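Worksheet: the structure to be examined is printed underneath.
These numbers were taken from a predicted model, which means no experiment stands behind them. Just the heavy atoms: all of them, side chains too, but no hydrogens, waters or symmetry mates, feed the values below.
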Amino acid sequence: MINAYNKPIGVIDDEEALDIVGEAVLKLWDAVDDLSRLRPAHTPDYHVTIFGSARIEENTPRYEAVKQLAAQLAAMGCHIVTGGGPGLMQAANEGASQGAPNKPEASVGIRIDLDFEQNVNDFVGRVFEHKTFFSRLHHFILRSNAFIVTSGGIGTLLELSMVWQLLQVRKLYDTPLILVGEMWHELVDWAQHYMVSNEAGLASPVDMQIPIVVDTIEDAIHLIREHHARWKEVDRQLKPERTSPPR
């Protein structure tokens, strides 16, 4: 028998093997793209993803602030999503477990398999595991109704940038992106200066309005409370449709 490369079955060279692998991978990505379209227009629960550094120690002001932020959001009825690791991720999961002590599913961890970060933190009630950053980032996007970005490094910047870009090209919509703290004020100012001002033409002025930069966790909670209230109103209107008997 002859294969598509006009050679006996099982006999191919390295370049042909790479071509086959590449084609197979692209087909898998097509399947992922198709499945991602299954995200409902209105999710059954309201999820807030909190991004932040894995390096912040417990019992520090930034740790306690993020814990308080998550606790208030969980008490409001929000599910809290993090990367499931230490630092500010743990702070958010700990806050979620305090704010909704009888709902372990309200504290979610979407973790990445890293050699130096082996264990999910103790406050995660529901965990998802990923082998790659790409699939993990996609999971954050599919699961979240809002994003809050706290103090963080390169990983947090990657997460922020992806959400910002998806909102820019309208692959996400009606999904608040809230940045807390001075470091993010300076980031947006930098983007404004180098991408928009002086007729740079690298981004549109409206793109700079996508992230909402605030100074305190109280400001972030206020914004989420308003968005959550609108989400609940839509949920209330949809409930008769969900519970009505089949005709």
Side-chain angles (χ1 to χ4, degrees), residues 35-52 65-84 88-89 91-110 123-128 137-150 159-160 162-164 166-168 170-181 184 209-247:
L35 289 171
S36 69
R37 297 175 191 170
L38 297 176
R39 181 188 185 189
H42 187 81
T43 55
D45 296 295
Y46 186 95
H47 289 75
V48 180
T49 289
I50 299 178
F51 293 132
V66 171
K67 183 170 71 173
Q68 181 63 23
L69 165 67
Q72 291 194 45
L73 295 179
M76 191 190 305
C78 303
H79 289 214
I80 303 301
V81 184
T82 78
L88 296 184
M89 293 177 280
N93 288 125
E94 183 177 357
S97 66
Q98 291 181 358
N102 299 319
K103 292 180 62 178
E105 70 276 10
S107 180
V108 181
I110 302 177
F123 302 98
V124 171
R126 187 177 186 190
V127 63
F128 299 90
L137 285 168
H138 198 196
H139 197 167
F140 281 126
I141 298 302
L142 290 176
R143 200 165 191 87
S144 304
N145 300 94
F147 297 90
I148 297 177
V149 184
T150 62
E159 293 155 348
L160 157 60
M162 181 174 180
V163 176
W164 190 349
L166 290 174
L167 287 164
Q168 177 201 32
R170 299 179 183 176
K171 292 295 185 180
L172 278 178
Y173 56 92
D174 191 27
T175 307
L177 173 60
I178 302 166
L179 319 183
V180 184
W184 304 124
Q209 299 173 20
I210 292 172
I212 307 167
V213 189
V214 299
D215 295 318
T216 68
I217 64 165
E218 288 77 16
D219 295 330
I221 292 168
H222 174 72
L223 291 171
I224 294 294
R225 190 181 302 279
E226 290 183 337
H227 190 259
H228 183 243
R230 294 195 297 272
W231 176 91
K232 284 202 303 183
E233 178 58 24
V234 173
D235 192 59
R236 184 189 66 78
Q237 295 172 7
L238 290 175
K239 275 184 178 177
E241 298 177 12
R242 294 174 180 166
T243 57
S244 59
R247 296 178 181 177

(message) Would you compute the distance between atom NZ of Lys232 and atom CZ of Arg236 and round it to the nearest 0.5 angstrom?
(response) 11.5 Å
(message) What I'd like to find out is whether the side chain of His79 reaches to under 4.5 Å of the side chain of Leu73, using heavy atoms alone.
(response) no
(request) To the nearest 0.5 angstrom, please state how far the NE2 atom of His47 sits from the CG atom of Asn145. (result) 7.5 Å
(request) Kindly indicate, with the supporting measurements, whether the criterion side-chain hydrogen bond (donor to acceptor under 3.5 Å, both in side chains) is fulfilled by His227 and Asp174. (result) CA-CA 9 Å; His227 190 259; Asp174 191 27; 3.1 Å; yes
(message) Rounded to the nearest 0.5 Å, what separates atom NZ in Lys67 from atom CG in Leu88?
(response) 12.0 Å
(message) Is the shortest side-chain heavy-atom distance between Thr175 and Val163 below 4.5 Å?
(response) no
(request) Could you give me the CA-CA distance, side-chain angles and deciding distance for Trp184 and Val214, then say whether side chain to side chain contact (heavy atoms under 4.5 Å, CB included) is met? (result) CA-CA 9 Å; Trp184 304 124; Val214 299; over 6 Å; no
(message) Could you check whether any side-chain heavy atom of Val66 comes within less than 4.5 Å of a side-chain heavy atom of Ile50, counting everything from C-beta outward?
(response) yes
(request) Answer whether the closest heavy-atom distance between the side chains of Ile110 and Val81 falls below 4.5 Å. (result) yes
(request) Run through Glu159, Met162, Lys171 and flag the one making a side-chain contact (heavy atoms from CB on, under 4.5 Å) with Ile141. (result) Met162
(request) Using the side chain to side chain donor-acceptor pair (under 3.5 Å) rule, collect all pairs that involve residues 95-107, keeping only residues at least two apart or in two chains. (result) Asn93-Ser107
(message) Can you tell me how far apart CE (Met76) and CZ (Arg225) are? Round to the nearest 0.5 Å.
(response) 4.0 Å
(message) Less than 4.5 Å apart, side chain to side chain, heavy atoms only: is that true for Leu177 and Val149?
(response) yes
(message) Within the 4.5 Å heavy-atom criterion, are Tyr46 and Ile224 side-chain neighbours or not?
(response) yes
(message) Exactly one of Leu179, Leu223, Val180 should register a side-chain contact (heavy atoms from CB on, under 4.5 Å) with Ile148. Which one does?
(response) Val180
(request) Specify the closest pair of heavy atoms between Ala70 and Ala92, including all atoms of both residues, with the distance to one decimal. (result) CB-O, 3.1 Å
(request) Before accepting this row, confirm whether a basic side-chain N of the pair Arg230/Glu233 lies closer than 4.0 Å to the acidic partner's carboxylate O. (result) no
(message) If I compare all heavy atoms of Ala106 with all of Cys78, which pair ends up nearest, and what's the gap?
(response) CB-O, 4.3 Å
(request) Would you check if the distance from the ring center of Phe140 to the ring center of Phe51 is below 6.0 Å? (result) yes
(message) I'd like to check Ile80 versus Thr82 (side-chain heavy atoms, cut-off strictly below 4.5 Å). Are they in contact?
(response) yes
(request) State, without any angle test, whether Glu218 and His222 hold a side-chain donor-acceptor pair at a distance under 3.5 Å. (result) no
(request) Please lay out, stage by stage, how Thr49 and Arg143 fare under the test side chain to side chain contact (heavy atoms under 4.5 Å, CB included). (result) CA-CA 8 Å; Thr49 289; Arg143 200 165 191 87; 5.8 Å; no
(message) For a 4.5 angstrom cut-off between non-hydrogen side-chain atoms, does Phe147 reach Ile178?
(response) no
(request) Indicate, with yes or no, if the rings of Phe128 and His139 have centres closer together than 6.0 Å. (result) yes
(request) For residues Ala220 and Leu69, report the shortest heavy-atom separation together with the two atoms involved. (result) CB-CD1, 4.3 Å
